[in-house]
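Numbering of residues begins at 1 and proceeds along the displayed sequence. Scope of the values below: all heavy atoms of this structure, side chains included, with no hydrogens, waters or symmetry mates.
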Amino acid sequence: EWFDVVGAKPDAPVYMMAPGAFIFRHVCINCHGPNADGKGIQVDLLSAASEGEARPANFRSGLFGPAEMPLSNLVATFDIGGQGDKIAADQWASRYMAWMALGGTLKRIPQDILHLVAATPIFGQKRVGIDSLPGATDPTGNMLNLAKGLCAIVLPAPTSPSGTDPLLDQHIYAFDSNSTFDSSTKSYPPYTHAGSPFISTTYDREMWVHLCSDFSPQIVRVYGAFFPEGSEGQQDIRLRQMYYAIDPADDQLQPRADNPANFPADQFVWDQTKTPQKGVTRKNLYPACMDQSQIKPAKLAALGMPVCPQAFIDNGKPLWRASNPPRWPKDNQTTFDLAVQTWKLRGGIAAGMAVFSYLEQRIPDATMAQLPPYYDQCEQLP
């Protein structure tokens, strides 16, 4: 009825939030409070559980304060050159905020509070599988571990709690073991799996995919043949390798076209909708192609995924490669683990900087002093 009155398009959003506002409202607000003054609903519990040792920062009077001269603390503390350079201060202050939220503080947070924060409903809906996210309940002050965990699903991180069967022993890391890429399984891309912690009825999933991907090197996911032990010739198709779309040693802004480690601009990959796209562009949120070696021709044709250029398979710089079969004896698993952790960490940093940008705009603005009404608080609208 409301849509009929205002004449909005049927697919128009009824409520919008900036990414930083979204993260603050659904994560940070629990401890830092609706006014960013450190008076959240979990403050008393945190103080009691830590015997007064831990308390949330008061952003309003501290980092972005004081009230009588907003942002002067920020400039005075983080203008490294001492020239009153607001841009330089912003760069260092945003890094500081992300660092603190990613574990820079040594204070430990009780598990009960971490569970409450992670379980905060998103527009009235609860995430599923939160306890399975890597690091989501880390007892340190790392409040952006949730962001890193969500980015682990976006990548996806080829790890699992048991470590025995990466990608398959938990459904949030899983791919359809039959690997038909049938959209009815909702397992391609992996973050659309029915058991993933993203909420698909709002823009929650898309926002996190962007935050995790837009500020990180693009990754080409390479699928290939897998022969389960004891399968008597059964051939599964699983994620086998992940390569950087552009050689990390190359120029990220103007990559060399003749570098065989870069994905060729004239070759095709799937995007997140299983639509073939030429080259890897920033609009592609899940570039993927098929390593055709050991795959039966009939199955390759049935899958429909573009075949990876052989030169890219041979020369690409791996973020990660499967160890079964052991085709790459010189691969360094430690290097792969670090690369995956770094990719996830970039997503956490992006989330922290989004919150920084939101608070920096909101706190000094008198008209934004109070948190805007939530989606179900229409009675608070002016």
Side-chain angles (χ1 to χ4, degrees), residues 17-47 50 52-110 113-114 116-118 120 138-148 207 211 215 345-372 374:
M17 304 178 81
F22 178 96
I23 298 169
F24 183 84
R25 181 87 208 205
H26 296 104
V27 179
C28 317
I29 194 173
N30 286 279
C31 295
H32 296 282
N35 297 317
D37 55 5
K39 298 178 181 178
I41 58 176
Q42 307 296 346
V43 167
D44 290 342
L45 177 59
L46 175 62
S47 178
S50 65
E53 285 292 316
R55 63 181 178 85
N58 181 341
F59 292 132
R60 183 168 294 277
S61 298
L63 180 61
F64 299 103
E68 57 273 15
M69 292 184 65
L71 305 183
S72 60
N73 284 345
L74 185 150
V75 175
T77 305
F78 294 99
D79 174 23
I80 305 301
Q83 303 298 317
D85 188 342
K86 173 67 164 48
I87 295 177
D90 275 351
Q91 291 175 345
W92 286 105
S94 61
R95 285 163 169 76
Y96 170 77
M97 186 174 186
W99 172 70
M100 286 292 286
L102 283 163
T105 173
L106 299 181
K107 299 300 180 183
R108 299 181 69 82
I109 299 176
I113 295 179
L114 292 170
L116 289 171
V117 172
T120 300
D138 187 329
T140 65
N142 187 342
M143 299 313 295
L144 287 176
N145 255 333
L146 176 63
K148 287 174 58 182
M207 185 204 75
L211 275 177
F215 307 96
L345 184 62
R346 284 176 177 266
I349 292 172
M353 289 188 169
V355 173
F356 177 91
S357 297
Y358 166 66
L359 292 178
E360 187 181 38
Q361 293 295 317
R362 176 188 157 204
I363 288 177
D365 189 338
T367 64
M368 298 174 64
Q370 299 297 316
L371 194 67
Y374 198 37

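Separation of atoms CH2 (Trp99) and OG1 (Thr105) is listed at 8.5 Å; rounding is to 0.5 Å. We find the CD1-CG distance between Ile363 and Leu71 to be 8.5 Å, quoted to the nearest 0.5 Å. Between the CD1 atom in Ile41 and the CG atom in Leu46 there is a gap of 12.5 Å [rounded to 0.5 Å]. The CZ atom of Phe78 lies 14.5 Å from the CG atom of Asp85; values are rounded to the nearest 0.5 Å. Between the NZ atom in Lys39 and the CZ atom in Arg60 there is a gap of 10.5 Å [rounded to 0.5 Å].
Side-chain contact between Leu63 and Asn58 is absent, with no heavy-atom pair separated by less than 4.5 Å. Arg55 is not listed as a side-chain neighbour of Val43, based on a closest heavy-atom distance of 4.5 Å or more. You'll find the side chain of Asn73 reaches within 4.5 Å of the side chain of Pro66, heavy atoms only.
Considering only residues two or more places apart in sequence or on other chains, Tyr374 meets the ring-ring contact (aromatic ring centres under 6.0 Å, His included) condition with His26, Phe123. The salt bridge (Lys or Arg N to Asp or Glu O under 4.0 Å) test applied to Asp79 returns no partner, not counting sequence neighbours. Not counting sequence neighbours, the partners of Gln91 by the side-chain contact (heavy atoms from CB on, under 4.5 Å) test are Ile87, Arg95. Annotation: salt bridge (Lys or Arg N to Asp or Glu O under 4.0 Å) contacts of Glu53 (sequence neighbours excluded): Lys107. Residues forming a side-chain hydrogen bond (donor to acceptor under 3.5 Å, both in side chains) with Gln42 (at least two apart in sequence, or on another chain): none.
The aromatic rings of Phe59 and Phe64 lie perpendicular to each other, with more than 60° between the two planes, well past the 30° mark.
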### Task
Report the C-alpha distance between Arg362 and Asn35 in whole Å, list the side-chain angles of each, state the deciding distance to 0.1 Å, and finish with yes or no for side chain to side chain contact (heavy atoms under 4.5 Å, CB included).
CA-CA 10 Å; Arg362 176 188 157 204; Asn35 297 317; 4.0 Å; yes
### Query
For Tyr96 and Leu74, what are the C-alpha separation, side-chain angles and deciding distance, and is it a side chain to side chain contact (heavy atoms under 4.5 Å, CB included)?
CA-CA 11 Å; Tyr96 170 77; Leu74 185 150; over 6 Å; no
Which atom pairs, one a donor and one an acceptor, fall under 3.5 Å between side chains of residues 348-360 and the rest of the protein, sequence neighbours left out?
| unit_1 | atom_1 | unit_2 | atom_2 | d |
| --- | --- | --- | --- | --- |
| Ser357 | OG | Met353 | O | 3.1 |
| Glu360 | OE2 | Lys86 | NZ | 2.7 |

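Side chain to side chain, Asn30 and Thr120 meet the donor-acceptor criterion of an N or O pair below 3.5 Å.
Annotation: Asp44, atom CG; neighbour count of heavy atoms from other residues, nucleotides and ligands within 6.0 Å does not exceed 12.
Nearest heavy atom pair, residue Pro364 against residue Pro70, reads CB-CB, 3.6 Å. The two residues Phe22 and Met207 have their closest heavy-atom pair at CD2-CE, 3.5 Å.
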